[in-house]
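Written below as structure tokens is the structure these notes are about.
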Amino acid sequence: MSVVAKKAAKSNSAKRYWLMKTEPESYSIDDLANEKKQTTFWSGVRNYQARNFMRDDMQIGDEVLFYHSNANPPAIVGTAQVVKESYPDHTSWDKKDHHYDEKSTPDAPRWFMVDIQLTEIFEEALGRDQLTGVAALADMELMRKGSRLSVQPVKKSEWDAVLKLAKRSKKKK
DNA sequence: GCCAACGTTGGC
DNA sequence: GCCAACGTTGGC
């Protein structure tokens with residue numbers, strides 16, 4: 001199926017839930033909060049599985065858990081929303097960009113991205129230790145040992161469980 | 001800094 | 001198509 005056909009096919013499907021990882025040293029949720037309209041393009045993904053989720057499956061209104069990896073502690077720190085569906089990642093043909101890929105060109109883009117807008121920063125980040133042992137999150141991709149997928153689908157039950165934990169941590173404050 | 005668990009590359 | 005070597009991710 002072509003990319004266009006896939007986009008047409010997804011247009012009627014229900015809202016989906018995702019998790020996106022970022023290293024806060026390179027881009028954090030505070031950086032997102034400081035953007036104009038608190039919106040940014042999610043460039044730099046160079047993994048085919050993650051790209052395919054963005055290119056083929058993400059739609060406007062989908063909700064995103066925002067995760068800080070390689071952080072202390074690694075944690076889900078807030079939520080965002082998809083506000084623009086996939087389009088070519090221009091950083092892939094920028095020779096000065098760290099994520100430059102000589103095989104990607106404007107005519108034949110290899111990498112894609114979406115735009116996301118900040119929804120909420122959790123008052124207290126949800127560290128992995130707080131996610132470990134939660135029954136509803138036992139099968140979450142994020143919690144699987146060795147999982148490296150930087151854009152990953154989240155089940156609604158997992159989304160609900162995470163937000164519930166976030167609210168609880170908010171009350172504690 | 002260590003290293004397990006990946007994903008990609010390239011020789012064959 | 002197989003798979004060893006290599007580079008990367010990311011928790012600890």
Side-chain angles (χ1 to χ4, degrees), chain A residues 1 3 6 16-33 40-58 62-80 82 86-116 118 120-155 157-159 161-166 168-169 172:
Chain A
M1 213 187 322
V3 171
K6 280 186 178 171
R16 297 180 186 185
Y17 300 89
W18 306 95
L19 180 142
M20 292 166 109
K21 295 181 187 174
T22 176
E23 299 191 12
E25 291 224 350
S26 66
Y27 194 89
S28 73
I29 199 164
D30 291 324
D31 292 324
L32 179 59
T40 192
F41 50 89
W42 207 250
S43 64
V45 171
R46 298 291 181 267
N47 168 281
Y48 290 104
Q49 211 183 339
R51 177 203 68 181
N52 293 349
F53 284 133
M54 287 199 293
R55 189 188 62 186
D56 305 333
D57 299 326
M58 280 193 177
D62 281 1
E63 304 209 63
V64 177
L65 295 172
F66 199 101
Y67 181 78
H68 282 173
S69 61
N70 263 317
N72 201 359
I76 301 174
V77 293
T79 59
V82 176
S86 66
Y87 58 108
D89 177 349
H90 59 81
T91 68
S92 66
W93 54 76
D94 177 358
K95 284 188 179 171
K96 288 171 297 196
D97 194 279
H98 181 243
H99 298 287
Y100 171 68
D101 178 357
E102 61 178 4
K103 292 178 182 149
S104 185
T105 65
D107 285 340
R110 172 170 296 211
W111 303 110
F112 291 78
M113 60 189 181
V114 298
D115 285 0
I116 62 167
L118 180 68
E120 176 191 15
I121 297 179
F122 295 157
E123 282 189 36
E124 288 180 28
L126 282 175
R128 289 182 77 84
D129 52 343
Q130 293 171 76
L131 306 176
T132 304
V134 177
L137 305 179
D139 294 329
M140 199 175 182
E141 169 67 17
L142 179 70
M143 302 308 289
R144 195 175 57 81
K145 187 179 179 189
S147 172
R148 294 164 46 176
L149 193 56
S150 65
V151 176
Q152 54 183 258
V154 169
K155 296 188 195 77
S157 56
E158 294 165 345
W159 170 272
V162 167
L163 283 219
K164 210 166 165 185
L165 288 170
R168 190 187 300 163
S169 73
K172 266 195 297 195

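The figures here come from the full heavy-atom set of this structure, side chains too, leaving out hydrogens, waters and symmetry mates. Every chain is numbered from 1, with letters handed out A, B, ... down the list of sequences. As the structure is a prediction and not an experimental result, all values here were calculated from the model.
Legend: residues meeting ring pair (Phe, Tyr, Trp, His ring centres under 6.0 Å) with A/Y48, ordered by chain and number and at least two apart, are A/W111. Under the rule for a ring pair (Phe, Tyr, Trp, His ring centres under 6.0 Å), A/W93 has no partner lying at least two apart in sequence or in another chain. Annotation: side chain to side chain contact (heavy atoms under 4.5 Å, CB included) contacts of A/D31 (sequence neighbours excluded): A/Y27, A/S28. By the ring pair (Phe, Tyr, Trp, His ring centres under 6.0 Å) test, A/F53 pairs with A/W18, sequence neighbours left out. For the side chain to side chain contact (heavy atoms under 4.5 Å, CB included) test, residues two or more places apart in sequence or in another chain that qualify with A/K103 are A/D101, A/R110. Shown here are the ring pair (Phe, Tyr, Trp, His ring centres under 6.0 Å) partners of A/F41, two or more places apart in sequence or in another chain: A/H90. With sequence neighbours excluded, no residue forms a side chain to side chain donor-acceptor pair (under 3.5 Å) with A/Q152.
Among the protein residues, A/S150 comes within range of no part of the nucleic acid, since none of its heavy atoms lies under 4.0 Å from any strand.
Annotation: side chain of A/V114 is in contact with side chain of A/M20 (closest heavy-atom distance under 4.5 Å).
Between chain A and DNA chain C, the heavy-atom contact criterion of under 4.0 Å yields a 5' to 3' nucleotide range of C/dG7 to C/dC12.
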Which side-chain N or O atoms in residues 65-74 of chain A pair as donor and acceptor under 3.5 Å with protein atoms at least two apart or in another chain?
| residue | atom | partner | partner atom | Å |
| --- | --- | --- | --- | --- |
| A/Y67 | OH | A/R128 | NH1 | 3.0 |
| A/H68 | NE2 | A/I29 | N | 3.1 |
| A/N70 | ND2 | A/E23 | OE2 | 3.1 |

Acceptor/donor pairs from residues 133-145 of chain A side chains to any protein atom, 3.5 angstrom cut, sequence neighbours excluded:
| residue | atom | partner | partner atom | Å |
| --- | --- | --- | --- | --- |
| A/E141 | OE1 | A/R144 | NE | 3.3 |
| A/E141 | OE2 | A/R144 | NH2 | 3.1 |
| A/E141 | OE2 | A/S147 | OG | 2.7 |

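Listed in residue order, the members of residues 94-106 of chain A having a heavy atom less than 4.0 Å from DNA chain B come to none. Residues from residues 40-49 of chain A that place a heavy atom under 4.0 Å from any atom of DNA chain B, listed by number: A/N47, A/Y48.
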